[in-house]
Amino acid sequence: MSSPPPFASSPNIPSPTTRLPRRSAYTYKHLSLLSHSSPASPLRVIAHIDLDAFYAQCETVRLGLSPTKPLAVQQWQGLIAINYPAREYGLNRHVTVAEAKEKCPELICQHVATWKEGDTKWSYGDGDEAFKEIASRKVSLDPYRLQSRRILALIKEFLPAETQRVEKASIDEVFLDLSAQVHGIMLERYAELRGPPPYGDPSEPLARPPSTALDWAADALVDLDEGRAEEEDPDWDDVAMLVASEIVRDVRREVFEKLHFTCSAGIGRNKMLAKLGSAHKKPNNQTVIRNRAVKQFMSGFKFTKIRNLGGKLGDEVVAAFNTDTVSDLLPIPIEQLKKTLGDDTGSWLYSIIRGEDSSEVNPRTQIKSMLSAKSFRPSINSLDVASKWLRIFVADIHSRLVEEGVLENKRRPKTMNLHHRQGAQTRSKSAPIPMGRAITEEGLFELAKALLAQVIVDGRAWPCANLSLSVGGFEEGVQGNKGIGGFLVRGDDAKALQNAQPKDEATPPPAAKRRRVDDGGIARFFGSREQSRESSMGDSEHRHTMPHLAEQADENVKDTDIIQEERTHEPDPLLPPPSAQVADTAPTSVTAQDDQDPSDAYVCPRCAARMPFDEQAEHEDFHFAQDLQNEQPTPPRPVPPALKPSTARGGGSTRGKGRGRPAVAASAPEKGQKRLQFS
DNA sequence: ACAATGACCTACGACAT
DNA sequence: ATGTCGTAG
């Protein structure tokens, strides 16, 4: 327990004077990293927001009920969500409806919406009735997706666009990287943070923040680490947390006032801590895990509560070390973790139980796939019945595609997957969704049937216990998409145009030309017939940005796919802006700021380069980028846990290098890396 | 009172081929 | 590119 606190201002060493240190543990560099939401900034602030009993709240809101009434969401005979008032009665998932009503007679059990064969839309109905018709209905989570979208949209609207970084983590959770916004607010509030670093040296510590107590309002604060006192003066990380906490409170208030949903939130220096924090106090509360409280907070947990340790990997760790608590794991040396779990997983675990997690908030709010599925209670036994379900899946997926903006061609899926299960065996088939033509229900249906046919041909298909259909590989509409994929597609379409002969319009594509029988059969339904029908509906006009020339060109399709996948990663080669040339060649001989500054020029405090004022921002960006490259030869340690127990660990063979994450990750074997970013 | 459970539905990502 | 598996809520 006497391990040194992370930062230099440690009160560990009895200071000769009882006076407080006047310097912050944080530097100008840390502050600058903060403004760029860099995971390397120790000042980083991440929030996790989690809607309280989300499905239940959706129903309460939809029905206009008082949120104090106990309510549960029913699916067939089970309960899949229980609101907090109902939990007071000791209800939990998987009491049956009958048991629940016994414990809480006034409980409202609302059944989820369902699709019924032949329906053009899901609908709400009586729960008993739904259960009777379980064989002909499937549940729809659409109402919840809709609310989820509204909430997400509101949050994105509320946060300043310039600094927002929002990741949709699930239907009822988001991560916010508040670093950049917090940085801006801190500069506004504290003039002492604004200037350039003394001597132009970014490694100079910041001045200490005012030592007045911070006002944490009603936030739940986590207990401090041992040896830390509440009276210990705040540093800038505390200030950053406080500012973030204010933002989160405002977000939550907005969501409540505008949409009537309550949520819980966690605020911490990374995603893992934020996530643990949001679950700490529910409902309708927010928890701040200050850096000075991280150890205390973490040590109380079972590590199986930590993301990625809730499954097989967690079991493996439990088995290997005979404990499920964080605190029991802490004394285990990293070498032993690595030996037992593999290098990557071992060092990832070592960090994560110490509250370190450098994973980034992925600014992504759109879904990547959608799936519609049904488990068959008595299994089904015929193609006929299966086809009927495929119809429903397609209707479901198609209507969701419409909401996704596929009709306006904003985004469209590339592939379709069909999963099939009988008993323990599970099989899946997938196929590309023909490009360049409108996506129609009919087309999707025929494609789905073709996939099912493949499964049946493959082997025994009946009785079938589960079927699911999904579409994925969503691509941006071509407007905003400068990716080479889109470019080549365009080129290919053009080629297709040249090759295509009028014959295609008149006759179905000659089957003889096709090597693969499956392709042919499928593509026909997205072919010219569908196409002409679509265009007559005036749909294709929407896609003017990408000239899908109304040609179907089966033979050419195979040429198109090759490059598709290579959507290159972003790290643009950090080209120094013109004004930075000096910096490149003139090393860090920063010494004298001999700026007798003629007021028409800006002189960079770091490299003494002289430039017009309006190039200053760009130039600073250059240094920032350069710093990133210089100080973290390899990205500090994102090291996602190597999942896949079988391969990642044991053999220690890291030869799977060809795949996985881009470029930089390749330089993984870091020697004597310092990992100084936190200490 | 509470934890652990199992079935279900949806979604994401890694990896093997 | 297709298929399987692990994880999570």
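The sequence lines fix the lettering, A, B, ..., with proteins before strands; numbering per chain opens at 1.
- Within the 4.0 angstrom heavy-atom criterion, no nucleotide atom of any strand lies near A:N417.
- Among the protein residues, A:L51 comes within range of no part of the nucleic acid, since none of its heavy atoms lies under 4.0 Å from any strand.
- Rounded to whole angstrom, the span from the CG atom of A:N362 across to the P atom of B:dA11 amounts to 17 Å.
- Nucleic acid contact for A:L141: sugar-phosphate only, since backbone atoms but no base atoms lie under 4.0 Å from a heavy atom of the residue.
- One atom, OH of A:Y55, and another, P of C:dG9, lie 13 Å apart when rounded to the nearest Å.
- A:H420 contributes no side-chain N or O that, together with a main-chain N or O of A:T426, makes up a donor-acceptor pair within less than 3.5 Å.
- In terms of the ring pair (Phe, Tyr, Trp, His ring centres under 6.0 Å) criterion, residue partners of A:F297 (sequence neighbours excluded) are, by chain and number, A:H280, A:F301.
- What separates CE of A:M416 from P of C:dA1 is a distance of 18 Å, to the nearest Å.
- The side chain of A:K138 contributes an N or O atom lying less than 4.0 Å from OP1 or OP2 of B:dT10.
- Residue contacts for A:S470: at a heavy-atom cut-off of 4.0 Å it reaches no nucleic acid atom on any strand shown.
- For the ring pair (Phe, Tyr, Trp, His ring centres under 6.0 Å) test, residues two or more places apart in sequence or in another chain that qualify with A:F376 are A:W389.
- Taking all atoms of both residues into account, the shortest heavy-atom contact from A:R137 to A:S123 is NH2-OG, 4.2 Å.
- Rounding to whole angstrom units, CD of residue A:E173 and C1' of C:dT7 are separated by 13 Å.
- Across all strands shown, A:R87 has no heavy atoms under 4.0 Å from either base or sugar-phosphate atoms.
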Practice problem: Output, in order, the C-alpha distance, side-chain angles, deciding distance and verdict of salt bridge (Lys or Arg N to Asp or Glu O under 4.0 Å) for A:R145 and A:D142. | Solution: CA-CA 5 Å; A:R145 293 192 199 99; A:D142 253 17; 2.5 Å; yes

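- Proximity of A:T415 to the phosphate of C:dA1: no side-chain N or O atom is located under 4.0 Å from OP1 or OP2.
- Between A:K368 and B:dA11, a side-chain N or O to OP1/OP2 separation shorter than 4.0 Å is absent.
- Nucleic acid contact for A:T426: sugar-phosphate only, since backbone atoms but no base atoms lie under 4.0 Å from a heavy atom of the residue.
- At the phosphate of B:dA4, OP1 or OP2 sits under 4.0 Å from a side-chain N or O atom of A:K302.
- In this structure, A:R62 forms a cation-pi arrangement with A:Y124, its terminal cationic atom sitting closer than 6.0 Å to the ring centre and no more than 45° off the ring axis.
- When rounded to the nearest whole Å, the span between CD1 of A:I306 and P of C:dG6 equals 21 Å.
- At C:dG3, one or more side-chain N or O atoms of A:S430 fall inside 4.0 Å of OP1 or OP2 (strictly under the cut-off).
- Proximity of A:R307 to the phosphate of C:dG6: no side-chain N or O atom is located under 4.0 Å from OP1 or OP2.
- Between A:R421 and A:K103, it is A:K103 whose nearest contact on DNA chain B lies nearer the 5' terminus.
- If you take OH of A:Y144 and C1' of C:dG9, they are 15 Å apart, rounded to a whole angstrom.
- Of the candidate nucleotides C:dT2, B:dC12, B:dC9, C:dT2 has the atom lying nearest to any side-chain atom of A:P432.
- Closest to the side chain of A:K275, from the set C:dG9, C:dT2, B:dA11, is C:dG9.
- Atom CG in A:D172 sits about 15 Å away from atom P in B:dT10, given to the nearest Å.
- Looking at which nucleotide of DNA chain B each of A:A169 and A:D324 is closest to, the 5′-most match is held by A:D324.
- Contact between the side-chain N/O atoms of A:S428 and the OP1/OP2 oxygens of C:dG3 is not found at any separation under 4.0 Å.
- OP1 or OP2 of B:dC9 sits under 4.0 Å from a side-chain N or O of A:S375.
- Separating the CH2 atom of A:W389 from the C1' atom of B:dC9 is a distance of 13 Å, rounded to the nearest angstrom.
- Rounded to the nearest 0.5 angstrom, A:L79 CG and A:E99 CD are separated by 9.0 Å.
- For A:K429 and C:dG3, the shortest distance from a side-chain N or O to OP1 or OP2 is below 4.0 Å.
- Within 4.0 Å (heavy atoms only), A:K168 reaches no atom of the nucleic acid at all.
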